[in-house]
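Ligands are counted one by one from 1 in listed order, and the atoms in each one are counted from 1 as well. All residue numbers in this chain count up from 1 along the given sequence.
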Amino acid sequence: MIIMNSEATNEEIANVVSEIKKYGLKADVSRGAYRTVIGLVGDESKIPFSNFAALPGVKEAMPIETPYKLISREYARMTEVEIGNRVIKVGDVEIGGNEPVFIAGPCAIESKEQLFKIAQGVKKAGAHILRGGIFKPRTSVHSFQGLGANGTEEASEALSWLREAGDRFELPVVTEIRGESHVDLVAEYVDIIQIGARNMYDQDLITKVARKGKPILYKRHFGAGIEEFLSFAEYIVAENNRDIILCERGILPLGKGRNYTRYTLDLSAVPAMRKETYLPIIIDPSHAAGRRDLIFDLSCAGIAVGACGLIVEVHHNPGEALVDSQQQITPDELKEVISACRGIHKALGQYRRNRD
Ligand code: PEP
Ligand code: MN
């Protein structure tokens, strides 16, 4: 990290940036009210910090060894880029703001009629953002892969329904991208791009999605530690995109745990990550539980531990859903979840404010 003098000129800042580039690293320039701080993105071991400290306009130059510095609260405090928590604005919706945010919709988009019915239902229930899968990551090649798997034309058509439903019901929309070849297409239609748990580690995909400059809903892999998850989120910020919504969606259960829940919702990860980063964190109770009778409780628990929202799978007729039918809830059930979570968020609000 290079801290510039408060009176450093633009030329001196540009000079430091060009010196950093000579070593094959990128520079993350943060201009605060009082000083400019330049973060180094890349392998810092090659950088002769004492030489940098001697450049005109430089106050201090030192290595920072945490694997995720750009998203850390510590770095944010130094750069004054983020004071408090980051609020991501999508249309009129604020993620990480004063109110909890509810993202809801079907696991998979099955037809225009199905999507519109559910979109109307979740809107009425109080949801803020519409979800719907078009490219589904599936364990078995023999199961429904989402309409996007049928070809570009079908993918575009499903994406246009999602856009239309979002516009009709005034809900920003989010869908998952499974592979690099779909990034350009999906980015044309959606407000938020989801990177699913299975792709958390795909550096090339994350980087390509990050460059689109749209908010990213980034899910933790079910086997990833907190440090790994945050370190990979850093790849997004390294592309100058700080609009990242972190999502805890459950980690692999132990022993016979699988007989009871699909994954284990790692509730402690939420407050632990809040201490580390200013990025908003949401909970996915649906994929964690894998069963609809636990969604209410896990949702309440997620909001209680400090998540700023939820992503919940909702279907007007869950039993008939082509994917994840056992864990989807109805719009009426979503309404109860939202109402309880709002109550919990409000009750804890005054305590929460003093904790980050
Ligand atoms: C999803 O949200 O549709 C999904 C597949 O979730 P995850 O990546 O968490 O399994
Ligand atoms: Mn699903």
Measuring from the Mn ion (ligand 2), name the closest N, O or S atom belonging to D324. OD2

Ignoring hydrogens, just give me the one of K219, R178, E176 whose non-hydrogen atom is nearest atom 2 (O) of ligand 1. K219

Using side-chain contact (heavy atoms from CB on, under 4.5 Å) as the criterion, point out the one residue from T9, N15, I13 that pairs with E11. T9

Should we say atom NZ of K335 is surrounded by more than 12 heavy atoms from elsewhere, each under 6.0 Å from it? no

For the Mn ion (ligand 2), which N, O or S atom of E313 is at the shortest distance? OE2

About how large, to 10 degrees, is the angle NE2 of H287, then the Mn ion (ligand 2), then SG of C107? 160°

If only side-chain N and O atoms count, and only distance matters, is there a donor-acceptor pair under 3.5 Å linking Y263 with R258? no

Residue, atom name and distance, where the atom is the protein heavy atom closest to atom 8 (O) of ligand 1: A197 N, 2.8 Å

Does ligand 1 come near enough to K136 that some N or O of the ligand is less than 3.5 Å from an N or O of the residue? yes

How far apart are the C-alpha atoms of K22 and E19, what are their side-chain angles, what is the distance that settles it, and do they pass the salt bridge (charged side-chain N to carboxylate O under 4.0 Å, His left out) test? CA-CA 5 Å; K22 280 188 198 158; E19 284 300 311; 2.7 Å; yes

Looking at K136, R131, R262, which hits salt bridge (charged side-chain N to carboxylate O under 4.0 Å, His left out) with D324? R262

Where ligand 1 meets R249 - atom numbers and elements under 4.0 angstrom, heavy-atom basis: 7 (P), 9 (O), 10 (O)

Mind running ring pair (Phe, Tyr, Trp, His ring centres under 6.0 Å) on H221 and Y201 for me, showing each step along the way? CA-CA 8 Å; H221 185 272; Y201 291 106; 5.1 Å; yes

Between ligand 1 and P137, can you find any atom pair, the residue atom being a heavy atom, that is separated by under 4.0 Å? yes

Taking only non-hydrogen atoms of R131 and a 4.0 Å limit, the atoms of ligand 1 in range are 1 (C), 2 (O), 3 (O)

Contact check: C107 vs ligand 1, nitrogen or oxygen atoms, below 3.5 angstrom: no

Atom 1 (C) of ligand 1 has as its nearest protein heavy atom H287 CE1, 3.3 Å

Can you name the one residue among I295, V337, I329 that meets side-chain contact (heavy atoms from CB on, under 4.5 Å) with V314? I329

Can you tell me which residue among K208, K212, K26 is in a salt bridge (charged side-chain N to carboxylate O under 4.0 Å, His left out) with E239? K26

One finds that the ligand 1 atoms under 4.0 Å from a non-hydrogen atom of G196 are 8 (O)

